[in-house]
Trainee: 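Have a look at the structure that comes next, please.
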Amino acid sequence: MEVDLDATLGCGQAHRWKKDGDLWKGVLGNDKVELLQRDGGFLCEGCSEERIKRYFRSEDDLPAIMEEISGKDAYVAGLAAACPGLRILRQDLWECTATYILATNANVKRIAKMVESVCVMFGTDLGGAYSFPTPRQILDGCGSIGECRLGYREGRFVEFAEKVENGTYDLASLEELDYEGCVKELKKINGIGPKVADCTAIFAYGHLEAFPVDARISRSMKEVYGVEGSYEDVSSAGRRIFGRYAGYAQELLYHSLSIIL
DNA sequence: CATCAACCTGATCA
DNA sequence: ATGATCAGGTTGA
């Protein structure tokens with residue numbers, strides 16, 4: 001399976017991977033995982049091959065996807081040629097949704113800090129690393145959540161944990177919905193608007209046509225494609241230009257911006 | 001339906 | 001050093 005670990009794990013779609021020398025270290029479920037880039041692939045320690053293949057969406061035919069979006073637009077074709085191994089991840093439903101509630105109105109660095117602090121505060125100690133907490137773990141210890149410095153995301157985060165824990169909100173039931181249905185249901189959660197819904201739709205539910213528009217994508221859509229307007233205007237323009245794999249085009253655009261910055 | 005202030009923290013600028 | 005300014009999505013008026 002073709003994958004560029006630096007691009008895939010460092011581009012901001014997931015927030016718990018850290019590069020230590022040549023080694024990418026992270027946590028999947030209750031497993032501490034280490035990944036090392038090798039020619040034409042990577043080495044994985046700490047979890048099963050099935051698990052990591054699922055996480056990397058190994059069923060996505062990356063060359064075919066890159067070719068398809070490259071055929072739609074010359075600018076993205078250049079980005080794809082420069083970064084052919086950027087994959088979209090399949091993240092855990094609960095962890096991804098909860099994380100992106102925290103990601104609201106925060107930059108990548110601050111998101112990572114908030115996520116790490118809730119893991120340390122509430123997650124299971126795996127020895128030098130902590131799991132992302134379950135809803136139960138958060139509710140059991142939420143007296144000390146103020147120390148995580150989540151700001152106004154704190155109430156939304158706890159409220160979401162409550163609704164998932166008591167069954168008011170069933171994340172798994174969204175898996176059978178199409179992209180639009182999935183986004184519609186996600187937006188019912190307090191703290192999830194159109195951008196976070198798109199992120200969750202693509203990074204957890206695998207709707208590759210989602211085209212999340214954050215501040216940086218918004219700027220580059222204006223500069224490169226002359227597209228501006230409401231969230232829906234810009235996001236649907238992304239889908240119109242790039243088609244069913246618009247999310248991959250979005251990641252290429254986003255990744256190219258993070259290299260510049 | 002569109003606009004816009006308020007929300008919280010951390011980084012960066014004077 | 002200290003205060004002003006800015007970056008970043010969602011909500012509700």
Side-chain angles (χ1 to χ4, degrees), chain A residues 10-18 88 91 93-122 133 138 142-164 168-169 171 174 179-205 207 209-224 227-239 246-247 250-251 253-261:
Chain A
C11 73
Q13 57 178 319
H15 299 92
R16 298 207 61 204
W17 292 97
K18 276 184 292 195
I88 284 174
Q91 301 183 43
L93 300 184
W94 152 250
E95 176 172 341
C96 184
T97 313
T99 293
Y100 273 95
I101 285 174
L102 298 183
T104 289
N105 212 22
N107 58 38
V108 172
K109 191 173 175 186
R110 180 137 117 86
I111 296 164
K113 193 177 171 188
M114 288 188 283
V115 172
E116 189 58 24
S117 69
V118 302
C119 290
V120 172
M121 184 79 65
F122 307 114
I138 292 166
C142 73
S144 44
I145 197 169
E147 296 170 42
C148 296
R149 308 188 68 73
L150 309 181
Y152 52 74
R153 303 155 196 82
E154 180 185 301
R156 302 166 176 175
F157 186 70
V158 174
E159 181 187 342
F160 182 53
E162 281 167 355
K163 289 188 170 166
V164 171
T168 311
Y169 200 89
L171 287 163
L174 274 60
Y179 164 64
E180 287 178 9
C182 182
V183 163
K184 192 176 166 191
E185 286 304 309
L186 287 167
K187 284 201 271 194
K188 290 180 180 173
I189 300 166
N190 184 26
I192 297 190
K195 189 268 183 180
V196 169
D198 269 340
C199 287
T200 310
I202 186 170
F203 300 134
Y205 291 94
H207 294 294
E209 72 266 51
F211 192 82
V213 179
D214 68 347
R216 288 151 70 177
I217 289 294
S218 175
R219 284 192 288 269
S220 76
M221 285 300 284
K222 182 180 176 186
E223 287 165 18
V224 181
V227 173
E228 51 188 326
S230 69
Y231 184 92
E232 185 53 30
D233 290 342
V234 180
S235 182
S236 59
R239 268 188 297 290
Q250 192 269 8
E251 282 305 284
L253 284 166
Y254 192 85
H255 178 248
S256 72
L257 295 172
S258 42
I259 288 176
I260 298 166
L261 295 177

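In the text below, chain A, chain B and the rest are named by the order of the sequence lines, each starting its count at 1.
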Trainee: Using atom CG of A:Asp214 as one end and atom P of C:dG9 as the other, report the distance to the nearest whole Å.
Mentor: 5 Å
Trainee: Give the ring-plane orientation class for A:Phe160 versus A:Tyr169, where under 30° counts as parallel, over 60° as perpendicular and anything between as tilted.
Mentor: perpendicular
Trainee: What is the distance, rounded to the nearest whole Å, between atom CD1 of A:Ile101 and atom P of B:dC8?
Mentor: 17 Å
Trainee: Looking at B:dG10, I'd like to know if its phosphate oxygens (OP1 or OP2) sit under 4.0 Å from a side-chain N or O belonging to A:Lys113.
Mentor: yes
Trainee: In whole angstrom, give the distance that lies between atom CG of A:Asn105 and atom P of B:dC8.
Mentor: 11 Å
Trainee: Under 4.0 Å between a side-chain N or O of A:Arg153 and OP1 or OP2 of C:dT11?
Mentor: no
Trainee: Could you check whether any side-chain N or O of A:Gln250 sits under 3.5 Å from a backbone N or O of A:Pro212, counting only pairs where one atom can act as donor and the other as acceptor?
Mentor: yes
Trainee: Could you identify the nucleotide paired to B:dA2, looking across every strand shown and requiring Watson-Crick or G-U wobble geometry with both distances under 3.5 Å?
Mentor: none
Trainee: How many Å lie between CZ on A:Arg156 and C1' on B:dT9, as a whole number?
Mentor: 14 Å
Trainee: Any base atoms under 4.0 Å from A:Leu102, or only sugar-phosphate, or nothing? Heavy atoms, all strands.
Mentor: nothing
Trainee: Calculate the interatomic distance between A:Tyr231 atom OH and B:dA2 atom C1'; express it in whole Å.
Mentor: 18 Å
Trainee: Rounded off to whole Å, could you give me the CD-to-P distance for the A:Glu232 and B:dC1 pair?
Mentor: 11 Å
Trainee: At under 4.0 Å, does any side-chain N or O of A:Arg149 touch on OP1 or OP2 of B:dG10?
Mentor: yes
Trainee: Between A:Asn190 and C:dT11, is there a side-chain N or O to OP1/OP2 distance below 4.0 Å?
Mentor: yes
Trainee: Assign A:Ile192 to base, sugar-phosphate, or nothing according to its heavy-atom contacts below 4.0 angstrom with the strands shown.
Mentor: sugar-phosphate
Trainee: A:Lys195 has an atom NZ; how far is it from atom P of C:dA7, in whole Å?
Mentor: 16 Å
Trainee: Just so I know, are the side chains of A:Phe122 and A:Ser144 near enough to count as touching, which here means a heavy-atom distance under 4.5 Å?
Mentor: yes
Trainee: Is it true that A:Lys184 and A:Glu180 make a salt bridge, defined as a side-chain N closer than 4.0 Å to a carboxylate O?
Mentor: no
Trainee: Quick test of your reading of the model: are A:Lys113 and A:Glu116 salt-bridged, counting only N-O distances below 4.0 Å?
Mentor: no
Trainee: In whole Å, I'd like the distance from the CD1 atom of A:Ile111 to the P atom of C:dA7.
Mentor: 16 Å
Trainee: Side chain of A:Lys109: nearest nucleotide among C:dG9, B:dG10, B:dA11?
Mentor: B:dA11
